[in-house]
Amino acid sequence: MALRRRVERVLSRVERPARYIDSEWGSVRDRDATHRTVLAYPDTYEIGQSNQALAILYARINAKTGFSAERTYVPWVDMSSEMRGEKIPLFSLESVTPVAEFDIVGITLPYELTYTNILELLDLAGIPLRASDRTDRHPLVVGGGPCAYNPEPLAPFFDAIVIGEGEDVVLDVVRSHRDARDAGLSRQDTLASLARIPGVYVPSLYEVDGEGGLRAADPAPSVVVKRVVSDLGAHSPPVCGIVPFMDVVHDRVGVEVFRGCTRGCRFCQAGMVYRPVRERRADDIVRDVMAGLAHTGYDEVSLTSLSTTDHSQIEEVVRRLTNRLDGTGVSVSLPSLRVDAFSVEMARLVSAGRTSGLTLAPEAGTQRMRDVINKNVTEDELITTITHAFKSGWRRVKLYFMIGLPTETDADIEEIGHLVSRVLACARAEVKPDERGSVRIAVSVSTLVPKAHTPFQWLGQVSLDEVRRRQQVLRSTMPRKGVDLAWHDAEVSFLEGVMARGGRELADAIEAAWRAGARFDAWTERFDLRVWLDAFSSAGVDPEAVAGRSYGAHDALPWDHISCGVSRTYLWRELERAQRGASTEDCTFSVCTGCDVCTGLGVDTVLGGDRRGTG
């Protein structure tokens, strides 16, 4: 029986069958392609379908004659059970082709808690989990995405991993693989040809040396430097996105307004690895918004970036869009705002009176801690912003904070609660007495995970028991009435820290956890730390030692062979400044701060005009 018929037979027995059917508006099926890639997201359809990077790669490959890209996602546990029972292999959505029959399986690495899902993908596809067990008849398994900046825990499972931005390198990879395949090269020679492509890491060509670092074999480079796009205007993003049949996480048109961030928050990996800042032109943004809405029929568009109101032409963009969309019922959203009144004004302009909620991230309760993490935000600015927001009609605001920060004391944590009290009082003072009951402050608190390529990469993560104690300290000072307090699960943050800070020694534990049933670890109802602790034990790994280890200035780090362009010297200098409580300005508002990314990569900061605000 044809695979499509076998899949259709089980759909009535699983929840959300729309996750597994094809023919959405905007999807592409190229029957004439001679080289075929399937792009996989290691989570469910509704999570992965919203991923902008995957949409860019999908469009880039399908635009080239002779090449095609299709999609697949991790089946939910009910569907995977049905597939195993009926011996249905993992398949692509567009053509219902078994994933193992493609030339390349490209898997994005969005966050650490998807690692067991990657093994689930490979196993359901019938592809050996370990790259060393694959032969010439198996597809090439290629990774890429944010977690590629410390790829070592996953290194044994991938044939190659792309470091950096994919617009150009994805075509280099598929062409190189097609040429190698057509020339009849062995798998080993094919991997060697991939290792010569800038930005491509081939793990099998690196060995762990006696000092904790990695030693490269010819022709692999000793350090793999990320690929970067110098001019975003040269790559038009896909405007005819795929319109799903079911609700997905971000069910709207997403248009990127700029890439990179130089605010310099010392905990933020994205702010370091996506440098330098490259703004898109206002004309291009407006054009893509209008085209995306026309092609998809969505009634909402999101202007995306790491800090959208930092764009030097954001006011022009917002005003042009609100004028053109006036009376159409289409809304514009700004998902990331600075803590300043200008951001509130931009949010008010795009919300067209629908002031449902506002999200701000002061991150810490005291100025000392905000200086340590280089947040460059004062309490006066936060209070002024809250005042402006509630005067403008907002009645709810969400505040993000972190605990577990370097040099943090109990007094710093207690001050988060006191700051929220002052924010609540300020908000209530700006509304009529009979409306004060509607004022709500949502407080979300996460735990710092010191990530690779940040100034805090040398510092160990706070232990699980200590995080739980600090959470209780915060709870004791947090006002109860008018405040909704939510935690990022301490156990989840602990596992994220282990995966973010470890090396190849974690691969055995990841596989052991998957074999013990770990799947969808980012889903609260599926996460079980006991499974992971048993897996670490069986692999001979002390997870607390991995997450909590601090390094010296000259120690080898598990990710030293990967470069995002920001120099180690700069990161160490920023760590020293953090320990002194000294802040560093944003180079797009002042002078170069010496991170070396522009000189090292040969790519300049690109601005459309003068930025508004302070660094």
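Heads up: numbering here begins at 1 and tracks the sequence.
- You'll find the side chain of Phe520 reaches within 4.5 Å of the side chain of Thr44, heavy atoms only.
- Side-chain N/O atoms of Asp465 and Ser463 include no donor and acceptor closer than 3.5 Å.
- A donor-acceptor pair shorter than 3.5 Å cannot be found between the side chains of Gln471 and Trp487.
- Test Lys375, Arg368, Gln367 against Asp371 for side chain to side chain donor-acceptor pair (under 3.5 Å) and you get one pass: Gln367.
- Taking 4.5 Å as the limit, some side-chain heavy atom of Arg501 sits within range of a side-chain heavy atom of Tyr551.
- To the nearest 0.5 Å, the span separating CZ on Arg263 from SG on Cys268 amounts to 12.0 Å.
- At a threshold of 4.5 Å between non-hydrogen side-chain atoms, the residues Asp209 and Leu214 do not count as touching.
- Under the 3.5 Å distance criterion, the side-chain polar atoms of Thr114 are matched with a main-chain donor or acceptor of Tyr111.
- Taking 4.0 Å as the cut-off between side-chain N and carboxylate O, Asp521 and Arg526 do not count as a salt-bridged pair.
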- After noting the C-alpha distance and the side-chain angles of Thr190 and Ser193, does the key distance pass the side-chain hydrogen bond (donor to acceptor under 3.5 Å, both in side chains) rule? CA-CA 5 Å; Thr190 299; Ser193 66; 5.3 Å; no
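- Proximity of a side-chain donor or acceptor of Ser343 to a complementary backbone N or O of Arg338 within less than 3.5 Å is detected.
- Counting only heavy atoms from C-beta outward, the side chains of Trp514 and Asp123 approach each other to under 4.5 Å.
- Although no hydrogens or angles enter the test, the distance criterion places a donor-acceptor pair under 3.5 Å between the side chain of Gln461 and the main chain of Ser493.
- Pairing each heavy atom of Val99 with each of Pro139, the nearest pair is O-CG, 4.3 Å.
- With 3.5 Å as the limit, one finds no donor-acceptor pair spanning the side chains of Arg196 and Ser176.
- Residues Val546 and Val498 share a closest heavy-atom pair of CG1-O, 3.6 Å.
- In this structure, Ser230 OG and Leu601 CG are separated by 10.5 Å, a value rounded to the nearest 0.5 Å.
- At distances below 3.5 Å, not a single donor-acceptor pair connects side-chain atoms of Glu167 with backbone N or O atoms of Ile56.
- Closest approach of Ala535 to Ser538, counting heavy atoms only: O-OG, 2.8 Å.
- Look at Asp542 and Arg549 and you find no salt bridge, because none of the NZ, NE, NH1 or NH2 atoms lies under 4.0 Å from a carboxylate O.
- Between the Thr477 side chain and the Glu414 main chain, a donor and an acceptor come within less than 3.5 Å of each other.
- Counting only N and O atoms by type, the side chains of Thr262 and Asp586 include a donor and acceptor under 3.5 Å apart.
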Assess whether salt bridge (Lys or Arg N to Asp or Glu O under 4.0 Å) is satisfied between Asp410 and Arg469, documenting all intermediate values. CA-CA 10 Å; Asp410 284 0; Arg469 190 194 69 79; 2.9 Å; yes
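- Heavy atoms only, all atoms of each residue included: Ala364 and Leu419 are closest at O-CD2, 4.0 Å.
- Counting only distance, with no hydrogens or angles, the side chain of Arg187 and the backbone of Thr135 share a donor-acceptor pair below 3.5 Å.
- For the pair Arg278 and Asp604, the salt-bridge criterion is not met [side-chain N within less than 4.0 Å of a carboxylate O].
- Donor-acceptor pairing under 3.5 Å is lacking for the side chains of Asn117 and Tyr41.
- With hydrogens and angles disregarded, a donor-acceptor distance shorter than 3.5 Å links the side chain of Asn374 to the backbone of Gly264.
- When side chains are defined from C-beta on, Gln457 counts as touching Trp559, because their heavy atoms get closer than 4.5 Å.
- Residues Leu464 and Leu529 have side chains in contact (heavy-atom distance under 4.5 Å, counting atoms from C-beta outward).
- Every pair passing ring pair (Phe, Tyr, Trp, His ring centres under 6.0 Å) that includes a residue from residues 195-222 is listed here, sequence neighbours excluded: Tyr201-Tyr206, Tyr201-His561, Tyr206-His561.
- Side-chain atoms of Thr454 and Leu571, non-hydrogen and from C-beta on, never get closer than 4.5 Å to each other.
- In summary, Arg470 and Glu466 engage in a salt bridge, as defined by a charged side-chain N under 4.0 Å from a carboxylate O.
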Check your understanding: Taking it one step at a time, do Glu491 and Trp532 satisfy side-chain hydrogen bond (donor to acceptor under 3.5 Å, both in side chains)?
Key -> CA-CA 11 Å; Glu491 294 182 349; Trp532 277 97; over 6 Å; no
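- Closest approach of Pro221 to Ala195, counting heavy atoms only: CD-O, 3.8 Å.
- Side-chain contact, Thr366 with Asp412: a donor N or O sits under 3.5 Å from an acceptor N or O.
- In plain terms, the two heavy atoms of Val339 and Pro362 that are nearest each other are CG2-N, 4.4 Å.
- Checking Arg577 against Thr584 by side-chain atom types alone, a donor-acceptor pair falls below 3.5 Å.
- Remark: Glu165 engages Arg259 in a salt bridge, criterion side-chain N to carboxylate O under 4.0 Å.
- For the pair Ser305 (side chain) and Ser307 (backbone), a donor-acceptor distance under 3.5 Å is present.
- Pairs passing the salt bridge (charged side-chain N to carboxylate O under 4.0 Å, His left out) check and including a residue from residues 552-567, sequence neighbours excluded, read Asp560-Arg568.
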Show the numbers, then the answer: is there a side-chain contact (heavy atoms from CB on, under 4.5 Å) between Lys451 and Phe267? CA-CA 7 Å; Lys451 294 281 183 90; Phe267 58 84; over 6 Å; no
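- By the salt bridge (Lys or Arg N to Asp or Glu O under 4.0 Å) test, Arg370 is found to be paired with no residue, residues two or more places apart in sequence or in another chain being considered.
- Salt-bridge annotation for Asp508 and Arg130: present, with a side-chain N of the basic residue lying under 4.0 Å from a carboxylate O of the acidic one.
- Side chain of Glu496 to backbone of Val492: no donor-acceptor contact under 3.5 angstrom is found.
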Assess the residue pair Arg580 and Glu576 against the criterion (salt bridge (Lys or Arg N to Asp or Glu O under 4.0 Å)); give the C-alpha distance rounded to whole Å, side-chain angles, the decisive distance to 0.1 Å, and a yes or no.
CA-CA 6 Å; Arg580 298 199 306 271; Glu576 292 179 324; 5.2 Å; no
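- Annotation: the span from Met402 atom CE to Ile413 atom CD1 amounts to 12.5 Å, rounded to 0.5 Å.
- Atom CG of Leu154 sits about 7.5 Å away from atom CG of Leu119, to the nearest 0.5 Å.
- A distance of 13.0 Å separates CZ of Arg515 from CD1 of Ile510, quoted to the nearest 0.5 Å.
- Checked against the 6.0 Å centroid threshold, Trp523 and Phe527 do not count as a close aromatic pair.
- The pair Arg611-Glu279 counts as a salt bridge, with a side-chain nitrogen and a carboxylate oxygen less than 4.0 angstrom apart.
- More than 12 non-hydrogen atoms from other residues, nucleotides or ligands lie less than 6.0 angstrom from CD of Gln579.
- Side-chain atoms of Leu194 and Val173, non-hydrogen and from C-beta on, do get closer than 4.5 Å to each other.
- Once rounded to the nearest 0.5 Å, the distance linking CD1 of Ile127 with CG of Leu122 reads 5.5 Å.
- Looking at Gln52, its side chain does come within 3.5 Å of a backbone N or O of Gly254 through a donor-acceptor pair.
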